[in-house]
Amino acid sequence: MISTQDWADTQRLWDYHQMGHTPRPCSVAIGLGSHDLGVADAAVDLYKQGMAPLLVFTGATSPTTRERMPRGEAVHYRERAIELGVPDSAVMVEPRARNTGENIRFSRDLLADAGIEVFSVLLISKPYEERRAYATGRKLWPEVEIVSASSPMALQDYVDSIGDARMVIDMLVGALQRLLVYPEQGFMISQQVPADVIRAYDRLAQGGYMSRLLRDGKGEVLKPTT
């Protein structure tokens with residue numbers, strides 16, 4: 001049973017993970033691969049609104065997508081975009097990335113190799129990954145402006161779309177941990193995390209929502225060292 005407090009804490013993490021950026025026209029839109037085809041749908045919506053002339057989908061497979069997307073996340077995203085009416089000429093695929101850092105670096109290199117000049121990026125992710133994507137993009141591609149975007153969804157609507165509330169909470173908790181520990185590992189810029197968000201994270205982790213948490217070689221949950 002998920003308690004009222006658990007839901008309140010989950011909502012606090014959900015709200016923090018979203019950047020609240022207003023989409024605006026950018027040089028390119030990059031959709032980060034995952035289990036969620038909603039990322040491709042959001043990219044298509046933004047393309048049709050004229051927010052980017054080109055879509056790049058990036059992602060290989062992971063344990064959570066291998067069965068659902070056997071040809072790779074980026075390939076399935078591309079197929080979805082074309083099915084929804086985006087011309088093939090407006091879609092590029094980066095099929096090797098296996099984490100957010102590789103999504104950014106490999107997409108950057110793909111565009112550079114194609115001779116495409118990039119000044120701004122509309123970075124499209126799952127709703128609870130907006131802040132992580134933004135922080136990673138700012139670290140690895142500092143010379144471009146990053147605008148975060150995702151499907152405009154309420155927490156309950158997202159839970160309903162996934163069909164597994166506990167898994168969603170686990171993912172939000174894991175995403176928050178990465179915002180805390182990855183900056184000192186050089187993977188993303190550091191961002192201020194409000195005290196009430198930290199308290200919500202701690203309560204959820206202590207309550208057992210731990211399946212997506214990173215651990216050290218001794219099996220201990222990773223924590224920031226400073």
Side-chain angles (χ1 to χ4, degrees), residues 18-62 64-153 157-158 161-162 188:
Q18 296 186 48
M19 296 297 296
H21 291 169
T22 300
R24 67 168 187 79
C26 292
S27 305
V28 63
I30 298 177
L32 305 184
S34 72
H35 64 274
D36 186 356
L37 268 178
V39 175
D41 292 349
V44 171
D45 288 343
L46 291 163
Y47 171 84
K48 290 181 176 180
Q49 293 174 39
M51 295 297 170
L54 176 68
L55 301 180
V56 174
F57 292 125
T58 167
T61 57
S62 70
T64 59
T65 62
R66 192 167 293 120
E67 290 187 6
R68 294 180 60 191
M69 300 180 182
R71 294 181 299 284
E73 296 156 6
V75 172
H76 281 265
Y77 277 21
R78 172 187 173 277
E79 292 170 352
R80 176 67 169 172
I82 292 172
E83 174 188 330
L84 293 175
V86 177
D88 181 71
S89 59
V91 183
M92 297 179 71
V93 167
E94 185 295 297
R96 299 182 296 126
R98 296 185 180 279
N99 56 57
T100 307
E102 289 185 351
N103 287 143
I104 302 297
R105 291 192 291 108
F106 294 171
S107 296
R108 179 194 63 197
D109 294 347
L110 176 71
L111 290 161
D113 290 345
I116 297 170
E117 204 165 17
V118 177
F119 302 100
S120 55
V121 173
L122 192 58
L123 197 55
I124 306 165
S125 64
K126 301 184 292 296
Y128 67 88
E129 291 274 331
E130 278 194 18
R131 189 171 293 274
R132 177 182 176 184
Y134 174 80
T136 306
R138 285 286 311 280
K139 179 69 177 183
L140 300 179
W141 207 351
E143 64 271 24
V144 304
E145 181 179 0
I146 303 292
V147 179
S148 284
S150 65
S151 295
M153 300 179 73
D157 291 336
Y158 189 75
S161 75
I162 298 300
M188 63 175 64

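Predicted, not measured: the structure shown is a model, and the values here were computed from it.
No donor-acceptor distance shorter than 3.5 angstrom exists from the side chain of T136 to the backbone of G101, with no hydrogens or angles considered. For the pair Y77 (side chain) and S34 (backbone), a donor-acceptor distance under 3.5 Å is present. The closest donor-acceptor contact from the side chain of R24 to the backbone of M51 lies at 3.5 Å or more, if one exists at all. For H21 (side chain) and S148 (main-chain N/O), a donor-acceptor pair under 3.5 Å exists by modelled atom type. Between the side chain of R132 and the backbone N or O of T100, no donor-acceptor pair lies under 3.5 Å. Panel note: side chain S151, backbone G38; a donor-acceptor pair is recorded below 3.5 Å.
Residues I146 and G137 share a closest heavy-atom pair of CG1-C, 4.2 Å. For the pair V118 and L111, the tightest heavy-atom approach, listed with the atom from each and the gap, is CG2-CD1, 4.0 Å. Here the shortest heavy-atom pairing between M92 and A114 reads CE-CB, 4.1 Å. Between V93 and L110, the shortest heavy-atom distance links the atoms O-CD2, 3.8 Å. Taking each heavy atom of A74 and P95 in turn, the nearest pair found is CB-CA, 4.5 Å. Here the shortest heavy-atom pairing between S150 and S125 reads CB-O, 3.1 Å.
With contacts defined as side-chain heavy-atom distances shorter than 4.5 Å, the pair S62/E73 qualifies. Side-chain contact between Q49 and P23 is absent, with no heavy-atom pair separated by less than 4.5 Å. Using a 4.5 Å heavy-atom threshold, the side chains of F57 and R80 count as separate. Looking at heavy atoms from C-beta onward, N103 lies out of side-chain contact with I30 at the 4.5 angstrom threshold. In this structure, the side chains of I162 and Y158 come closer than 4.5 Å at one or more pairs of heavy atoms.
With rounding to the nearest 0.5 Å, the separation of CG in L54 from CD1 in I116 is 5.0 Å. Here the CD-NZ distance, from Q18 to K126, works out to 12.5 Å after rounding to the nearest 0.5 Å. In this structure, CD1 on I104 lies 4.5 Å from CG on L123, to the nearest 0.5 angstrom. Atom OG1 of T61 and atom CZ of R71 lie 12.5 Å apart (nearest 0.5 Å). Considering CD of E79 and CG of D88, their distance stands at 11.0 Å, rounded to 0.5 Å.
Shown here is R105, whose CZ atom has more than 12 heavy atoms of other residues, nucleotides or ligands within 6.0 Å. Under a cut-off of 6.0 angstrom, the local environment of CD in E117 is sparse, with at most 12 non-hydrogen atoms contributed by other residues, nucleotides or ligands.
Residues T58 and E94 bring a donor and an acceptor atom of their side chains to less than 3.5 Å of each other.
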